[in-house]
Each structure stands twice: as structure tokens, then as C-alpha cells.
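Have a look at the structure below, then the notes.
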Amino acid sequence: MNSSFIESPINYTGSKINILDQILPKFDYTKSIFVDAFVGGGSVFSNVLDKYERVIINDKIQCLSNIHKSIIEEEDFYDRVKSLSSSVTDIDSFNRLRDSYNNDKSPDKLFALITCSTNNMLRFNKNYKYNQTFGKRNWNTRTSKKSVIYKDHLMKYKSKLNFSSCCFSDLVVDSDKFMIYCDPPYGRIMNEYGEILNKQITEAGYNCFWNLEDDEKLYNFLKNIDKLGSSFAISGILNKGNEKCWILHKLIQDGYKKMNIVNNYNKVSRVGKKDIEEVLVLNYS
């Protein structure tokens, strides 16, 4: 990872921290408003704060977007997270915290769970309950260091930040001033005959928040952004073996620009080598 990038303390499946050097230079910096429509761990928006007049941070997982908000708005937020995390010493105490979050959700509980979970990654089931397993870990010195750096960085740009927790389709984009970045947990697979299958090309812990019809919503959302004269960039897996991502292929067929991304997934693959093509699709030059 390039040491010049701000690293979020929130580990997140699908984080773009390792490819920021490839995607950030391709963003449209002529626009004044940046929207991170699927904020996740925050690696993208936190590294463009100096480039835009206003930054909108959104995620349908409300407690996730509220972690970023709480970091800059609540002085004792990290202390609460550290206390909750440090109370987890075994699987039973982890399960108690997990049950507490599922019964009464809050951003400090979610952040604490992430620090204690397997690979520090979150995961939900189809009933929107957190169900990641105990990772035999909790708050540590590395998390503390990253947390301090991250908060100090966000605080410098606090006046620019706006937070929301809605479906991407409910975001208000009403002019040509926007640059929208999308890294969604899509999407439907298209087979070699062009048929759309009831299967997603990626399997991640947040995919329960993504319905198959959201692919079409996102496609129409991006087309509307283009009509308004605003800019969008959407990243993701275009091809995985014989599987193709419908929305990315559709956008490329529509004539939008494709940029290939180099990312070695075979390092983390548990099922052998994968023929994966990751891309960034843009509606501007």
C-alpha cells in the first residue's frame, strides 16, 4: 500500500485501499461534490477530501456510515469502542456482544465487533443479523494508531462532510456538479447466452443488503447521472471465469469507458487460481 494514503481503521470486505493508486487518478476533479455511495470502510472518500468542496458519505448499513460520523462528532466514541472490544476475551463474550448489537444496533457495537471478528471482517445473514465469528482478537495498538490518524485527518475536513444512510437510489443528485463513486455489492451474473441468472458474481458479508433488482436500479441511477451531466465511476468484477457481471457489461456496451484494474486475488483465494477481470467504468474521459 502507498504510505501516502490514509488507511481507515475499519477493515472491510472489498476495501479499495490496495488499488487507490489506480482509481483515484481517474476521478473527475472538475466537479465540486463527491459522493461515496457505498462508503464501506471509508478508504476512498477519506483520500479525496482535499479535492472537493463537499463530500457525501452514504451507506445503506446505517451503523456503518454512522461509525464515520461518530468518529468526528463524539469525543468518547473510540473509548466506548475500545471498552466494548476489550471486554471480548472468548467466544462467549463475543457472542454476548454480537447478540447485544443484533438486538439494539449502534455504531460503537458494530465497530467493536469488527475488531473482534474473524479477519476483522463484518458479515450479515439474510435476516440482516450480524453473524461473523469470533476471531480471537480485539482492539490493539495497530487499530489505535490507525484510528488516531484517521480521526485527525477527517477533522481537518469536518465542515465538508455530510452523512446519509439510504439506498443509493434515494441520493439527491440534481445537477451537473456531482462526482459519484460506486462500489456496490452487486451483482447478477449474465451467462454466455446473455441470460440474466439469479446469482451474484461476488459473495461478501454485506451482500444481504443487496437485492437482485438493485442492479437495474443502479443502472438507471447511473444513466440519470449521465443525463444530468454529472460524472460517475463504478468499480467491480467484470468477469470471473465464465461468469460475467451484468451491470458492468451493460454499461460498457452502452459506450462508457472501461479501465482495467490490476489486483491479485489469487493471493487470498481458497479455491485455487481465478481468472478475474476487475474494472473501473467511467462516463467521462
### Query
Would you say the side-chain atoms of E277 and N260 include a donor-acceptor pair closer than 3.5 Å?
yes
### Task
Indicate yes or no for a side-chain donor-acceptor contact from D176 to the backbone of I225 under 3.5 Å, with no hydrogens or angles considered.
no
### Query
Quick one: salt bridge (charged side-chain N to carboxylate O under 4.0 Å, His left out) partners of K105, sequence neighbours excluded?
none
### Task
Given side-chain contact (heavy atoms from CB on, under 4.5 Å), test I67 with L110 step by step and report yes or no.
CA-CA 8 Å; I67 288 177; L110 180 58; 4.2 Å; yes
### Query
Side chains of Y78 and D108: is there a donor and an acceptor less than 3.5 Å apart?
no
### Message
Is a donor from one side chain sitting under 3.5 angstrom from an acceptor on the other, for T115 and T143?
### Response
no
### Query
Strictly by modelled atom types, are S65 and S165 linked by a side-chain donor-acceptor pair under 3.5 Å?
yes
### Geometric class of the Y130/F124 ring pair [parallel <30°, tilted 30-60°, perpendicular >60°]
perpendicular
### Query
Given side chains that start at C-beta, do those of I57 and N162 come closer than 4.5 Å, heavy atoms only?
no
#### Entry: Partners meeting ring pair (Phe, Tyr, Trp, His ring centres under 6.0 Å) with F45 (sequence neighbours left out)
H68
### Student check: side-chain heavy atoms of L113 and F94 closer than 4.5 Å
yes
### Task
Check whether the side chains of Y181 and S235 place a donor and an acceptor atom closer than 3.5 Å, and report yes or no.
yes
### Task
Would you check, one step at a time, whether the test side-chain hydrogen bond (donor to acceptor under 3.5 Å, both in side chains) holds for Y219 with D254?
CA-CA 11 Å; Y219 173 76; D254 288 347; 2.5 Å; yes
### Task
Could you tell me whether the side chains of D28 and S231 share a donor-acceptor contact shorter than 3.5 Å?
yes
### Query
For the side chain of K69 and the backbone of F163, is there at least one donor-acceptor N/O pair under 3.5 Å apart?
no
### Query
Given the rule in the side-chain contact (heavy atoms from CB on, under 4.5 Å) test, do D36 and F34 qualify, once you have shown the distances and angles that lead to the verdict?
CA-CA 7 Å; D36 199 337; F34 180 79; 3.9 Å; yes
### Task
Return yes if a side-chain donor-acceptor contact under 3.5 Å exists between N131 and N125, otherwise no.
no
#### Entry: Distance (rounded to the nearest 0.5 Å) between E216 CD and K250 NZ
10.0 Å
#### Entry: Whether N103 side chain and D99 backbone form a donor-acceptor pair below 3.5 Å
yes
### Task
Measure the shortest side-chain to side-chain distance between N138 and K82 over non-hydrogen atoms and say whether it is less than 4.5 angstrom.
no
### Message
Set out, in order, the CA-CA distance, both residues' side-chain angles and the distance that settles ring pair (Phe, Tyr, Trp, His ring centres under 6.0 Å) for Y284 and Y256, then state yes or no.
### Response
CA-CA 8 Å; Y284 52 91; Y256 296 117; over 10 Å; no
### Query
Would you say the side-chain atoms of R98 pair up with the backbone N or O of Q132, donor to acceptor, closer than 3.5 Å?
yes
### Message
Less than 4.5 Å apart, side chain to side chain, heavy atoms only: is that true for L228 and V173?
### Response
yes
### Message
Just by distance, no angles: are the side chains of K109 and S100 close enough, under 3.5 Å, to form a donor-acceptor pair?
### Response
yes
### Task
State which residue, out of L280, I276, L248, V281, fulfils the side-chain contact (heavy atoms from CB on, under 4.5 Å) condition with L238.
L248
